[in-house]
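By convention in this document, chain letters (A, B, ...) are assigned in the order of the sequence lines, proteins followed by strands, and residues within each chain are numbered from 1.
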Amino acid sequence: MKEELDKRYEPAAIEQRLYQFWEEGEFFTPDADPERPKFSIVIPPPNVTGRLHIGHALVNTLQDIVVRWKRMSGFNTLWLPGTDHAGIATQLMVERDLNKQGISRHDLGREGFEAKVWEWKESYGHQIIDQLKRLGASADWTRLRFTLDEGLSRAVRHVFVTLYNDGLIYRSLAMVNWCPHCRTAISDVEVEFHERNSRLYNIDYPVAGSDRKLTVATTRPETMLGDTGVAVHPDDERYKDLIGLEVILPIVNRRIPIVGDAILVDPAFGTGVVKVTPAHDRNDYEAGLRNNLAQLQVIADDGRMNAAAGAEYEGLDRFEARKRVIEKLEELGALAGSKEYTHSVGIHGKCDTVIEPMISRQWFVKIEPLAKPAIDVVRDGTIQIIPQTWESTYFNWMENIHDWTISRQLWWGHRIPAFYCANEHVIVSETDPSSCPECASTDIRQETDVLDTWFSSALWPFSTMGWPEETPDYKTFYPTDTLITGFDILFFWVARMIMMGLRFTGKAPFSYVFLNGLVRDEHGQKMSKTKGNVIDPLDVIDEFGADAVRFTLAIFASGRDIPLARSRMQGYSAFANKIWNAARFAMMHIDVDLKSAGSIDRDSLRIVERWILSRLNETTSTVNKALSAFRFDEASNAIYHFFWHEFCDWYIEMSKPVLLGKHGTEDDKRKAKRVMLEVLDRSLRLLHPFMPFITEEIWQKLGGVEPSIMVAPYPIAEEVLEDSEAERIINAVTSMISTVRNVRAERGFAPKDRFKLYVSAHGRDEKFFSDYAYLLTELARLDAVILNTEPPAGAHHDVVAGFTISIEFPPKEITKEQLEKTQREIEKAHKELGVLDAQLGNEQFVNNAPPAVVEQARSRKAELTARIEKLQRNAG
RNA sequence: GGCCCCUUAGCUCAGCGGUAGAGCGGCUGCUUUACACGCAGCAUGUCGGCGGUUCGAUCCCGUCAGGGGCCACCA
């Protein structure tokens, strides 16, 4: 071997080359071996025109970790990638671009516009895919899907038609959330409520034929133009006599009825009188139906007032109309005051426009029959949501679910497979009908609305596998195993996939849902362009390497929000460099590669080698367990700690005397090299899912049998490698070394000063400390280790890991500070001893506590007693 | 109003019944032949307050106080 590595790890130099090697080697594509168990996962499809942001980086890093882990663990693994057509988002983006050129989508017409968006998709659709590749994502790109692909579109049509025929899709006039900017209906979950400062206006409505007036309050005065009634509580003594009379609506001077409505009106709230605008308010709509009030639409699709609002207001934007109405009311003396008011306002998150409730004919999914079984599978554990605390949120939402508005008045999306004939008969069909089955009319036109993007995403786990055909992929890989996504789309996506999956495949689409948190900045603030605290994953990949970015995301990923800091990524790029240099050191000494290295004769190993293998074994066990439980943080932490602080800090240092020929036989050296190679190999494989690039690069230089580390077997813990004896003794050695270093620094000696160490050890331990004294002399920089001999007067005494030791220093004045420090330590030990004495003196403790705990307390007491005695000698 | 989460070292967080931990930052040494993106050492905590359960509580239960999230309501 003896191959030289560069002194520093340069990620940019290898990442692209290795990714290309993987892709060309077809390592991401599962084989057709039906003997091996399968593992499958589908990507949460990013928007096709999107750009990779840090949230994508997180969710895809976690998926890739799981996928690489499973693949190496022997599963026939499929990670199925794809993109989403993202109806509104994409349409808005393309429209914005057209607007810059002074073109509106209406200039192009529907077909022309659609063609334009497809052009966009061709130009920018691969961008996010390329960016995922830079992250190291090992998805099977040969199976790349897009929600508007023909196959997926057919699944969409099939589901729509089936649900329609089952009576679960209906078309109806109803109050919906209308976005005047996008000019489409949107579903309830798409409405975001934000607190806004506003004013609450009181308006006097004179009662017709009386000198009384009713005062109503509103934050939306312009809607009064569409009022068709006022309501009071039927039992309200103040007003009940007025029910059945009319008020005269100011400005428009229309007479509208006073009705009694116990549901709409809370007599204790405000004036106890409510203006009723059935066409522009959800509650008023219901109240209007109950009381036979007219529905008068005064706001048009585009958010401007229409002719029904009156000539004075027609054509004005609703907010401009609001101002004018207030002015007019003041002028008429009908404004009875106003006050500042904070309330939540429905906003369309995609375009930041205030939602206008509107009556409109839309398509809906009757959701309750779909929700029930979807609740059951989570309740009975068929699907597990992790962290589990999200389950109550899921239940809460599913149990109060409303019908799903699925039609969108957009051009970009799956056009609803419904048709109307000249006689307005509705034909719902997967294929285009040539004539109406009811009236034989051949004058057929298709519904112009498209479906909510989430309608197609809801089918993603099976539509991507070729469903409704029973394709080999569908049979092999559906249902999938795990879903990893953000909690923010639990309702939008996860819940709907569960409902649709159960309904159409009869199976839960996955068994585990891991919901990751939000990536925030280092102080827990949301990342936003305006705050300027956004971390661009591509920037940090350039700066620190993909492995460091991935590792940082993983080590924070426990399901909570992630406070991401550049300093952490810098820290883990240092870790990558550490790995690189450990490998560099190893390769300077190791002279066999993995292919030709024989097996290890464990029985003949020296204790240092037994120890590191035992530590690695425990790490392996921790990592596998943690990954099974989606504890990415615990898994990555365990490897980090092992590699840096056990393997590098201790094992490599302890192996140097042997490797450099300062100690031991040629055979010892050969074994040390073999174990060094073993630990490096296993560590790299263990680490590969987290840091795929650097591990591949080094592992290939070590000459692995498999063509790539990504298809080498993932380490599993083996009981034979557990070695408590080695752990006990090496723990004592490292503790002694730390104590010597510590005391050396405390007493103000230089690192080059050498001392003698006296250790009292008996039986097998005496043999050990005699054979392995070099570990102490080399690492603690000692002259000699002297066993079971009375140390000279003035030596420093201590008890470490059960062994009494003394350090013989050259004569040097002990300072006051040092004495005080010793006193503090004695006090601390006394305090702990006091606690132990109290415990052991307590019959309840001795009788009730587990024997191991009592035993531990006894031995700790013995050690503390001995230690206090030694420390007191140090203090003179 | 309903549900959920958080409060532990200067910062960001692990730990969740048996002697308080990590990373970053700070301080002191060290050009030790893998790595100064390094090595060694040091410091700092009434584990938010108050009760309770327990032989024992940072950990379990109750309660109060701060902070955050989701849903519903908001004339």
Worksheet entry | Protein-nucleotide distance (Trp390(A), atom CH2; C6(B), atom C1'), rounded to Å |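 About 13 Å, once rounded to whole Å.
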Fill in: cation_pi(Lys656(A), Phe585(A)) dist<6.0 Å, angle<=45
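Geometry flag: set, cation within 6.0 Å and 45°.
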Worksheet, complete the sentence: Under a 4.0 Å heavy-atom criterion, the protein footprint on nucleotides 10-21 of chain B, written with B, S and -, is --SSSS--BB--
Response to the item:
In B/S/- notation (B base, S sugar-phosphate only, - none; protein heavy atoms under 4.0 Å), nucleotides 26-31 of chain B written 5' to 3' is ------
Discussion item. When you measure from the side-chain N and O atoms of Trp397(A) to the phosphate of C4(B), is any distance below 4.0 Å, counting only OP1 and OP2?
Written reply: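 Answer no for this pair, as no side-chain N or O of Trp397(A) is under 4.0 Å from OP1 or OP2.
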Worksheet entry | Distance test, side-chain N/O of Asn742(A) to OP1/OP2 of C42(B), below 4.0 Å |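 For C42(B), OP1/OP2 do have a side-chain N/O of Asn742(A) under 4.0 Å.
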Discussion item. Can you confirm if the aromatic rings of Phe632(A) and Phe556(A) lie within a centre distance of less than 6.0 Å?
Written reply: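 Not under 6.0 Å, so no.
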Discussion item. Can you tell me if Phe269(A) is stacked onto the base of A75(B), using a 5.5 Å centroid cut-off and an angle below 30°?
Written reply: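 Check passed, Phe269(A) stacks on base of A75(B).
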Worksheet entry | Same-atom distance (P) from A72(B) to G56(B), integer angstrom |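 Roughly 47 Å separates the two P atoms.
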Worksheet item: Taking atom C1' in both U33(B) and C47(B), what distance in whole Å separates the two?
Response: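 These two C1' atoms come out 45 Å apart once rounded.
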Is [N] paired to anything, Watson-Crick or G-U wobble with both distances less than 3.5 Å, and if yes, which nucleotide?
| N | value |
| --- | --- |
| G41(B) | C27(B) |
| A65(B) | U7(B) |
| C70(B) | G2(B) |

Item to complete: Give the intermediate values and the outcome of side-chain contact (heavy atoms from CB on, under 4.5 Å) for residues Leu214(A) and Ile258(A).
Response: CA-CA 10 Å; Leu214(A) 290 178; Ile258(A) 301 167; 3.9 Å; yes
